[in-house]
Amino acid sequence: MLELQNILKSFTGADGRHDVVNNVSLSVGKGDIYGIIGASGAGKSTLLRTINLLERPDSGEVWLEGVDLTKLGKRELRLARGQIGMIFQHFHLIENRTVYDNISFPLEIAGVPKKERRERILESLAIVDLQDKVLVYPAKLSGGQKQRIAIARALVARPKLLLCDEPTSALDPDTTGQILRFLQDINRKLHITIVIVSHEMEVVGSICSKVSLMERGVIAETLDLAERKQHEPKSQIAKLLFNHGQEAKEVDYAYGLLRAND
Amino acid sequence: MLTDFFGPTIELWPEILHALGQTGYMMMFAMGIAALAGIPLGTLLYLIRPGSLAQQPRLYAVLDTAVNILRSFPFLILLIVLIPITRFIVGTAIGTTAVIVPLAISAIPDFARLIEQTLLEVNRGVIQAAEAMGASTFQIVTKVLYREARSGIVSTCTIISINFLSFSTVAGLVGGGGIGDFAIRYGYYRYQLDVMAFTVALIVIIVQIIQSTGNYLVRRLDKRH
Ligand SMILES: Nc1ncnc2c1ncn2[C@@H]1O[C@H](COP(=O)(O)OP(=O)(O)OP(=O)(O)O)[C@@H](O)[C@H]1O
Ligand SMILES: [Mg+2]
């Protein structure tokens, strides 16, 4: 559903030009949870941000369901962005809006009438299980709750694709697990394709179906964690990820059984 | 002691009230005009800044310099320089209404700069999140920037209105009246120091009231903590 073709993005700093994303191509299938992992400064965030053109690539194409986003005009691009949700490491909620009004924001932009907005906001809040926080301001929420509100805000627009930039890096391990389960649920129940950037192996290993390893602007290796037997991991990270992925999947499976029982 | 202090002013109360009315009138209209021009101008400066949402580095450089030049004009000089323009707009360069023109114009560049600074404090990440959701620049300004910066905007209005109170004192020179002019007329020209002291105390109280109201609103509007 999403194809990046030969994405090139460079920044010019005091010490010259850097190719932060260097000729990257990748393909995300419908229903995937696609991970991009790599060291700090590898260019993961920059690559993710080219998908909704927050960062316009110097060259290359971004195809989303048969449309090249880089060719769209301003207005069309805004409409296309309405179908791509995004969540961030530091949540980026509007601090002077209540939880309700934060989730309302994407709908206001899209011109959804007030009555329908209300229904959809409450529906989104129910998905992240925070109905009791409707009238609270973000400053009064914990990090995990803020991220859940950010997820609800992304979901309310009914996106096809959800981009996540280090969604759990500001959270403790328990909260991380909780957020990852929400993401997994969203993927399974609402059939939303997810691209997730992280430097934490646990994150990527536990929920991703495919993972690309990024190193200094290029994709070094792509692994299909769902069909792990088919190919041998080359790099050290890939090996770790493989084994870890397996364990994490087992943990996740066990968790699923626990949940089914209660 | 107390009667000494209030004694000479009792018969002046009608005049004091009249002067207060003139000050209020000047401040309100000057504030309205300055806000109507200063907020959009400050927003424009923010938006066209290099690296911002609608960057126009050349235009920014021009406006930036213009704002700096206008800000460095002493009010008294501006008042005189603007006489032809004031006469054109109001029909006369003398009187309370006429003073509103230089008062408002002198505040526009300050207002714009303070608004620009306030908007710069809004978290870039929040703005990018709004962009990622497909918001237009106009929607970002009205629904995100002004919302996040609202307490800063109120602070700006507080600062500007207190400036007006002090600038309007000079207005007496062109027959503008007002409480500051009253203090000068009685205290300086007629050597009634007690009247002047009383009036200055009154002005101090007014400044306090404006500042406290501003602070209260800022606290009420800021939900960031
Ligand atoms: N707007 C910009 N201007 C200049 N350089 C930039 C800009 N954005 C990113 N870079 C540089 O590009 C490189 C990659 O940045 P990026 O944020 O994509 O890395 P990352 O893999 O997401 O790292 P992290 O894990 O730390 O978030 C960094 O060296 C960064 O300094
Ligand atoms: Mg990053």
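Convention: sequence-line order gives letters A, B, ...; per-chain numbering from 1.
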Sort B:S136 into side chain, backbone, both or neither according to what part of it lies under 4.5 angstrom from a heavy atom of chain A.
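Both the backbone and the side chain of B:S136 come within 4.5 Å of chain A.
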
Taking C-beta and beyond as the side chain, do [X] and [Y] meet within less than 4.5 Å on heavy atoms?
| X | Y | value |
| --- | --- | --- |
| B:L119 | B:L47 | no |
| A:I196 | A:C208 | yes |
| A:L26 | A:L47 | yes |

Heavy-atom donor-acceptor pair, [X] side chain to [Y] backbone, under 3.5 Å:
| X | Y | answer |
| --- | --- | --- |
| A:Q147 | A:P167 | yes |
| A:K44 | A:G38 | yes |
| B:T92 | B:R87 | no |

Give a yes or no on this: more than 12 heavy atoms of other residues, nucleotides or ligands lie within 6.0 Å of atom [atom1] of [X].
| X | atom1 | result |
| --- | --- | --- |
| B:F73 | CZ | no |
| A:F11 | CZ | yes |
| A:R118 | CZ | no |
| B:F29 | CZ | no |

Inter-chain contacts: residues 131-146 of chain A against chain B, heavy atoms under 4.5 Å:
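From residues 131-146 of chain A, the residues near chain B are A:Y137, A:A139, A:K140.
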
Between B:T97 and B:Y25, a side-chain donor and acceptor under 3.5 Å
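Yes, side-chain donor-acceptor contact under 3.5 Å.
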
Between A:Y34 and A:S212, is there a side-chain donor-acceptor contact under 3.5 Å, judged purely by atom types and distance?
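Result is yes, a qualifying pair exists.
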
Relative to the ring of B:W13, is the ring of B:F198 parallel (under 30°), tilted (30 to 60°) or perpendicular (over 60°)?
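Answer is perpendicular, since the angle exceeds 60°.
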
May I ask you to name which of [options] has the most heavy-atom pairs under 4.5 Å with chain B?
| options | value |
| --- | --- |
| A:D101, A:L79, A:L163, A:L93 | A:L93 |
| A:Q83, A:K74, A:R153, A:R75 | A:R153 |
| A:H90, A:M86, A:E108 | A:E108 |

Heavy-atom distances under 4.5 Å only: say whether [X] touches chain B with side chain, backbone, both or neither.
| X | result |
| --- | --- |
| A:I87 | neither |
| A:I94 | both |
| A:R97 | both |

Hey, which residues of residues 210-225 of chain B are touching chain A, say heavy atoms under 4.5 Å apart?
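When heavy atoms of chain A are the reference, residues 210-225 of chain B contributes B:L221, B:D222, B:K223, B:R224, B:H225 within the under-4.5 Å range.
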
